[in-house]
Enquirer: 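Pasting in a structure now, in C-alpha cells, and then I'll have a few things to ask.
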Number of protein chains: 2
Amino acid sequence: MEINQLFNNSNLKNGEKVNFIARIRTNRVGKAVGFLVVNDGTTFSDLQVVYKNSLDNFDLISQLKISSVIRVIGKIVLTPDKEQKLEVQSEQVEILDSASQDYPLQKKEHSLEFLREISHLRPRTKTFQAIFKIRSSAAFALHKFFQEDGFIYVNSPIITENDAEGAGESFIVTTLSDGDYEKDFFGKKASLTVSGQLNAESYAQAFKKVYTFGPTFRAENSNTSKHAAEFWMIEPEVAFEDLKYNMNLIENMVKYVVNYIFDNCYDELLFCDKNLEEGLIKKLELVKNSNFEKITYTEAINILKDAVKNGQDFIEKNIDFGLDLATEHERFLCEKHFKKPTFITDYPKDIKAFYMKQNEDDKTVAAIDLLVPGIGELVGGSQREDDYNILMKRCKEMNIDVKSVSWYNDLRKFGYYKSSGFGLGFERLIMYLTGAANIRDVIPFPRTPKNLLF
Amino acid sequence: MEINQLFNNSNLKNGEKVNFIARIRTNRVGKAVGFLVVNDGTTFSDLQVVYKNSLDNFDLISQLKISSVIRVIGKIVLTPDKEQKLEVQSEQVEILDSASQDYPLQKKEHSLEFLREISHLRPRTKTFQAIFKIRSSAAFALHKFFQEDGFIYVNSPIITENDAEGAGESFIVTTLSDGDYEKDFFGKKASLTVSGQLNAESYAQAFKKVYTFGPTFRAENSNTSKHAAEFWMIEPEVAFEDLKYNMNLIENMVKYVVNYIFDNCYDELLFCDKNLEEGLIKKLELVKNSNFEKITYTEAINILKDAVKNGQDFIEKNIDFGLDLATEHERFLCEKHFKKPTFITDYPKDIKAFYMKQNEDDKTVAAIDLLVPGIGELVGGSQREDDYNILMKRCKEMNIDVKSVSWYNDLRKFGYYKSSGFGLGFERLIMYLTGAANIRDVIPFPRTPKNLLF
C-alpha cells in the first residue's frame, strides 16, 4: 500500500493493519522505544512509525541512517489531538536497504545553492517535494485546460533551421566539431529552438486552436535568477481570433491553473507560503478572485510618469513612449498601482517582434503582456500580422532573413484571417505558484552558463 | 461559434441561425447555386454550405479558391437522409481572406512524400487532421493515466553531460564551431539527451512514481521508416516495485490510451482504418479486450526455432540464445504465434543495458519488451540493478565511463530498493494507433538525416 492511502482514508480505524515500503527521514531512539519519520513519496505528509525494543531487530533499526528503505508492517494508531492525525505502531520493520552515512541530506538545513549541486537528491527534501509536485500538477492543469477547450497539442520541433531570427542566442546542434555544416548530419546549420510559435501558427491555420508545451533554449550568457539556458514554454495559438480573445484565454488559463493547484496541492502551497514566500496563498487567492486589469502601453507610460513626479524611485527614470519596460516598472504597475494582474496592450512596434500586427496608428502593435505581482511579465503575446506586404516590410525593417521565414510569411497567401497567441514561460509560472525565487529551483536539472551537471 | 458545436448539438433545429468562420475545402458552382465544403479545424467532419445567386457577392464567392477564409451567416438545414446530418443555407458569405491559386493542396491526391515537404500545410489535409488529432489525444491520455495514478511528471533535461553511454550517437550542443568545449557555453562538452531514464530514476527515489514525457534525440544515420533524429519518449519509473508491476502498468497504460482514442477520436480512427491501415479498428479492439501474453526470451527463442523447423522463413535464421531479436522475429511472435500483444522478459544480459538487474542465473537480466502486431517492439523496460557492486562491475564489463554515471550509481548507496520502469516511443505508439507506416508522418516537423525543413 502507499502512504497517501492512509492519509486520504477518512474511515481508517485504530488497529487497522498496514504494510508499506518507505524511506526514513529521521530516526530518534530511546531505551525502549524508537520513532521513525518516514515517507514513500506519494504524499507530502510524513508518517511517524513507532518501534519498540520488543522487536527482534530493535538494535539494527535504531542504527538505521537517514534515507534507508524499510518495509513496515504494523497497526494504525489514531492521534486526533496531534498535528498528524495518525501514526503507525510497528510489528515488524524489515530493512530493505541501509543508506550510507555519507548521504548528503542529513537533518540540518541546507542552502538552496548546495542543493542545486545534488539535483538528483534534492527532490527528497520537503522544499523540492512541494515545488516539483506543484510543477507536475500545473503541467497537467495546463494540458487539461487546453484539451477541455478543444485545443490540439502540437509538438513543435526542437531542432530547427530557424536560428532565432539571427539573434545569435541559439545553440548549434551538430555531430562535427569543425563547423562544416554542409557535411553535418542535416547538411546545414541546425539550432535548438527558441520558440515554437511560428510552427504553432501553421497548425492553428489547420486546427483553429492549438498549443505547444515543450522545451526551448537560449544561449544567453545571463547569470540571473530568472534566466536558464533550457526552459519549458507553453505557446497557444488561435486562428480567426483577436487580441481580446487572447486576453480572455490567458486570464481563464491562469485562474484555472491556480484553482487546480489549490484543489490538488494545498499542503504544498501551505509549505511554500511558510517557507518560500510569505503571503503566497493570499497572493494567489487574489488572482483567483480578481478581474485582471487592462491598460494600453501608452496609459502605462503615463502612470509611470506620474509616479516619478510623485517621488517613485526607479533605476530607469527616463520614461517615455518607446521605453522597453523593465521589471521594476512592470512590478510597480501590477503591485503598487493596480495591486492585481495587469494586461498591457499595444506596445511600440520598434520594441516588439516582426510578426506582431501593426495597429492603425502606425506606431504600435497588437501586443500584450500580462504582468503579475511578484514576478513582472508572466505571459507575452500578440495578434499576428495578417497582411503579407506589411509583414515583408517589417522583416526588411527589422533585418529578418526573409528566406528563413518564407514558409511562415507564405501562410498569409493561403487564406489567413487573424491569428493570436501567446507564450507562457512554464518555470516563471512555477516560480509564481511556489514563491521560489530562483529559476534553478523550479526545473529538475537546471542548465545555466558554465553549469551542466547530470 | 465553432463548427463542432453544430455537429455535437443533437437539439439543433431546422432554420436555426449560425455564424462562423471557416476555411474552404472545395467550391463547386452551378448557374444559380454553389456548394462550399468548409471546415474550421474544430471537427473532423466537413460542413456543406449552400450559397445562391441571390447573394450580392455570388460571383466573387464562386471564384473563391480552396483554402480561402470566409464568415458564413445562415441557417441550419437538417439532412437526416444524407451522410452529413446537416448543412447550412447561407444568407451572407463574407470573404475574409482569399487564398492564392498557388496553394499547393488542390483537390487532387498528394503523395505523403510531397506532403512532408510542406509540413506547415499538411495538417490541413484529412489524413494529417486525423493523425495529429489522435497524437494530441494520445498525449493527453498518457498524462491523464499517469496523473490519475499519482505519478509525478518530471521534465528530465534535454541538454546533458551524459553522452549516451559513449555510443557516439548523440548530437553535440555548442555555441562555437571549433570543438573547444572548455571555452564553450557550459565549459564542457554538451549533448542532446537520448533518454531521461537515469534522471527519472533519481526522482522515483523521491516520489516513488514518476514519468517523463519529452523529446529525445539520436544522431543515427538511419533512413528507415521507423527512425527519426528527434522523437518523443514517455519514461515512467517506479521505486519499490519489480518487473511484474511494470508489466501490469504497461498493459494498463496501453489499454487506457486505446480506450481514450476510441472514446474521443472515433471518426479519425474510422478514417485511418479506411485510408491508412485496413483492419486498424479490429486490431485495436483486440488490444482492448485481450490479456497480453507473457513469455521469457528463452521461451521465445524456442518458439522461433520450432517455427524455422516448420518452414517459417526469416532473414536471420540462426536463432540461438544471445540473438538480438529483429523486427521479423518480434512480429512473428505477436502476429502469427500469439496473435496479440506479447511481453518478452529476461533477455540475455549481453544484449541489454548496464543498468538492468541481473537475474540469479547470471545469464539474463530483468528486462522486458512489449511486442505488438504490426509494429514489433512498442515498449522496452526493465527492473534496475540495485546492487552497487554488481552495477559497477557491469559498467566495467560494458565499457561505461563510470565517472559520467557516478551520481546515478551512487543512488544505490543512499537507500535504494527495487526500481523499475520503461520507455515508450511516442511516435511508435502513434503509428500503432493510426496505421501510419512512416514515422515522418506522425511527428509535425520530422527530422531525419539531411532533412531539416522549417
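Every chain is numbered from 1 and lettered A, B, ... according to where its sequence line falls, protein lines coming before strand lines.
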Enquirer: Where on Asn451(A) is there a heavy atom nearer than 4.5 Å to chain B: the side chain, the backbone, both, or neither?
Expert: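 The backbone, not the side chain.
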Enquirer: Should the pair Trp407(B) and Phe445(A) be assigned to parallel (<30°), tilted (30 to 60°) or perpendicular (>60°) ring geometry?
Expert: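 Taking Phe445(A) first and then Trp407(B), their aromatic rings sit tilted (interplane angle of 30° to 60°).
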Enquirer: Heavy-atom pairs under 4.5 Å with chain B - which of Gly179(A), Ala99(A), Ser98(A), Ser100(A) has more of them than the others?
Expert: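 It is Ala99(A).
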Enquirer: Taking atom CD as the centre, does Gln106(B) end up with more than 12 heavy-atom neighbours from other residues, nucleotides or ligands that are less than 6.0 angstrom away?
Expert: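 More than 12 heavy atoms, drawn from other residues, nucleotides or ligands, come within 6.0 Å of this atom.
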Enquirer: Looking only at heavy atoms, which two atoms of Asp40(B) and Lys208(A) are closest? And how far apart?
Expert: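 Asp40(B) and Lys208(A) have their closest heavy atoms at O-CB, 3.1 Å.
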Enquirer: What is the minimum heavy-atom distance between Ala190(A) and Leu452(B), and which atoms define it?
Expert: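 Nearest pair, atom of Ala190(A) first, then Leu452(B): CB-CD2, 3.5 Å.
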Enquirer: Once rounded to the nearest 0.5 Å, what's the spacing between atom CD of Gln129(A) and atom CD1 of Ile152(B)?
Expert: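 Rounded to the nearest 0.5 Å, the CD-CD1 separation comes out at 8.5 Å.
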Enquirer: If every non-hydrogen atom of Ser136(A) is compared with every non-hydrogen atom of Tyr153(B), which pair is closest and at what distance?
Expert: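 Scanning both residues completely, I find the closest heavy atoms to be OG-N, 2.8 Å.
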Enquirer: Can you name the nearest heavy-atom pair linking Asn155(A) to Pro444(B), along with the distance?
Expert: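 Of all heavy-atom pairs spanning Asn155(A) and Pro444(B), the closest is O-CG, 3.5 Å.
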Enquirer: Verify the neighbour count for atom CD of Glu148(B): are there more than 12 heavy atoms of other residues, nucleotides or ligands below 6.0 Å?
Expert: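 Correct, the count exceeds 12.
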Enquirer: Which pair of non-hydrogen atoms, one from Phe454(B) and one from Glu161(A), has the smallest distance, and what is that distance?
Expert: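 Looks like N-OE2, 3.0 Å.
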Enquirer: In terms of heavy-atom proximity below 4.5 Å to chain A, should Leu121(B) be classed as side chain, backbone, both, or neither?
Expert: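 The answer is the side chain of Leu121(B).
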Enquirer: Less than 4.5 Å to any heavy atom of chain A: does that hold for the side chain of Arg447(B), its backbone, both, or neither?
Expert: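 Interface part for Arg447(B): both.
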Enquirer: Only counting residues at least two apart or in another chain, list the ones meeting salt bridge (Lys or Arg N to Asp or Glu O under 4.0 Å) with Lys413(B).
Expert: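 Asp410(B).
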Enquirer: Answer with side chain, backbone, both or neither: which region of Arg412(A) has an atom nearer than 4.5 Å to a non-hydrogen atom of chain B?
Expert: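 Only the backbone of Arg412(A) comes within 4.5 Å of chain B.
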Enquirer: Can a side-chain donor-acceptor contact be found between Gln147(B) and Ser137(A) if the only test is distance below 3.5 angstrom?
Expert: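 No, because no side-chain N or O of Ser137(A) sits under 3.5 Å from a partner of the opposite role on Gln147(B).
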Enquirer: To the nearest 0.5 Å, tell me how far Thr448(A) OG1 sits from Phe186(B) CZ.
Expert: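 Result: 7.5 Å between the selected atoms.
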Enquirer: Between chain B and each of Asp386(A), Leu105(A), Leu96(A), Val69(A), count heavy-atom pairs under 4.5 Å; write down the option with the most.
Expert: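 It is Leu96(A).
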Enquirer: For a quick test of reading the model, state the closest non-hydrogen atom pair linking Ser202(A) to His120(B) and the distance between them.
Expert: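 The pair with the smallest heavy-atom distance is CB-O, 3.4 Å.
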Enquirer: Checking the side chain of Lys450(B) only, and the main-chain atoms of Asp184(A) only, is there a donor and an acceptor separated by less than 3.5 Å?
Expert: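 Flag set: sc Lys450(B) to bb Asp184(A) pair under 3.5 Å.
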Enquirer: Picking from Ile158(A), Thr175(A), Val173(A), which has the most non-hydrogen pairs under 4.5 angstrom with chain B?
Expert: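 Of Ile158(A), Thr175(A), Val173(A), Ile158(A) has the most heavy-atom pairs under 4.5 Å with chain B.
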Enquirer: Arg71(A), Lys188(A), Gln101(A), Arg122(A): which one forms the most heavy-atom pairs within less than 4.5 Å of chain B?
Expert: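 Most heavy-atom pairs within the cutoff with chain B belong to Lys188(A).
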Enquirer: In Å and rounded to the nearest 0.5 Å, what is the OH to CD1 distance from Tyr417(B) to Ile95(A)?
Expert: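 The OH atom of Tyr417(B) sits 13.0 Å away from the CD1 atom of Ile95(A).
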Enquirer: Counting only heavy atoms closer than 4.5 Å, note whether Phe128(A) contacts chain B via side chain, backbone, both or neither.
Expert: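 For Phe128(A), the contact with chain B is made by the backbone alone.
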Enquirer: Could you tell me which portion of Glu241(A) (side chain, backbone, both or neither) has an atom closer than 4.5 angstrom to a non-hydrogen atom of chain B?
Expert: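 Contact with chain B involves no heavy atom of Glu241(A) at all.
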Enquirer: Quick check on Tyr181(B) against chain A: is it the side chain, the backbone, both or neither that has a heavy atom closer than 4.5 Å?
Expert: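 When you check distances to chain A, only side chain atoms of Tyr181(B) fall under 4.5 Å.
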Enquirer: Which answer fits Lys133(A), side chain, backbone, both or neither, if we ask what part of it has an atom under 4.5 Å from a heavy atom of chain B?
Expert: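 Both backbone and side chain.
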Enquirer: Side chain of Glu230(A), backbone of Ile159(B): donor and acceptor closer than 3.5 Å?
Expert: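 It does hold such a pair.
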Enquirer: Give, as side chain, backbone, both or neither, the part of Lys144(A) having an atom under 4.5 angstrom from any heavy atom of chain B.
Expert: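 Both parts, backbone and side chain.
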Enquirer: Side chains of Arg124(B) and Phe414(A): does their closest heavy-atom pair fall under 4.5 Å?
Expert: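 Contact flag for Arg124(B)/Phe414(A) side chains = yes.
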Enquirer: In terms of heavy-atom proximity below 4.5 Å to chain B, should Thr42(A) be classed as side chain, backbone, both, or neither?
Expert: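 Its backbone and side chain both get close to chain B.
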Enquirer: More than 12 heavy atoms of other residues, nucleotides or ligands under 6.0 Å from CD of Gln5(A): yes or no?
Expert: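 Counting other residues, nucleotides and ligands, CD of Gln5(A) exceeds 12 neighbours.
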Enquirer: Is there a donor-acceptor contact under 3.5 Å from the side chain of Ser177(A) to the main chain of Asp178(B)?
Expert: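 Between the backbone of Asp178(B) and the side chain of Ser177(A) there is no qualifying donor-acceptor contact (under 3.5 Å).
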Enquirer: So what's closer than 4.5 Å to chain B heavy atoms on Glu220(A): side chain, backbone, both or neither?
Expert: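 Glu220(A) touches chain B through backbone heavy atoms alone.
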Enquirer: If you tally heavy-atom pairs under 4.5 Å against chain A, which of Gly187(B), Ser68(B), Pro449(B) wins?
Expert: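 Of Gly187(B), Ser68(B), Pro449(B), Pro449(B) has the most heavy-atom pairs under 4.5 Å with chain A.
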Enquirer: I'd like to verify something: which residue of Lys65(B), His143(B), Lys418(B) has the highest number of heavy-atom pairs under 4.5 Å with chain A?
Expert: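 Winner by heavy-atom pair count: His143(B).
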Enquirer: Using non-hydrogen atoms only, which part of Leu192(A) is less than 4.5 Å away from chain B: side chain, backbone, both, or neither?
Expert: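 For Leu192(A), the contact with chain B is made by the side chain alone.
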Enquirer: Heavy-atom distance under 4.5 Å to chain B: side chain of Thr125(A), backbone, both or neither?
Expert: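 Nothing of Thr125(A), per the 4.5 Å heavy-atom cut-off to chain B.
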Enquirer: Looking only at heavy atoms and a cut-off of under 4.5 Å, which of Tyr103(B), Tyr408(B), Phe426(B) has the most pairs with chain A?
Expert: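 Heavy-atom pair counts peak at Tyr103(B).
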Enquirer: For the candidates Phe217(A), Phe213(A), Tyr203(A), which exhibits the highest count of non-hydrogen atom pairs separated by less than 4.5 Å from chain B?
Expert: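 Among Phe217(A), Phe213(A), Tyr203(A), the one with the most close pairs to chain B is Tyr203(A).
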Enquirer: Could you go step by step and tell me if Phe185(A) and Phe171(B) meet the ring pair (Phe, Tyr, Trp, His ring centres under 6.0 Å) rule?
Expert: CA-CA 9 Å; Phe185(A) 187 88; Phe171(B) 288 102; 5.0 Å; yes
Enquirer: Quick check on Pro215(A) against chain B: is it the side chain, the backbone, both or neither that has a heavy atom closer than 4.5 Å?
Expert: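 Answer is side chain: those atoms of Pro215(A) sit under 4.5 Å from chain B.
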Enquirer: When only pairs under 4.5 Å are counted, which of Asp180(B), Thr174(B), Asp102(B) shares the most heavy-atom pairs with chain A?
Expert: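 So the answer, after comparing Asp180(B), Thr174(B), Asp102(B), is Thr174(B).
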Enquirer: Are the side chain of Arg23(B) and the backbone of Gln205(A) linked by a donor-acceptor contact shorter than 3.5 Å?
Expert: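 Answer holds: yes.
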Enquirer: Hey, can you tell me if Phe140(A) and Phe140(B) have their rings parallel, tilted or perpendicular (30° and 60° cut-offs)?
Expert: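 Rings of Phe140(A) and Phe140(B): parallel, under 30°.
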Enquirer: Based on non-hydrogen pairs under 4.5 Å, which of Thr43(A), Val154(A), Leu453(A) is most in contact with chain B?
Expert: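 The answer is Leu453(A).
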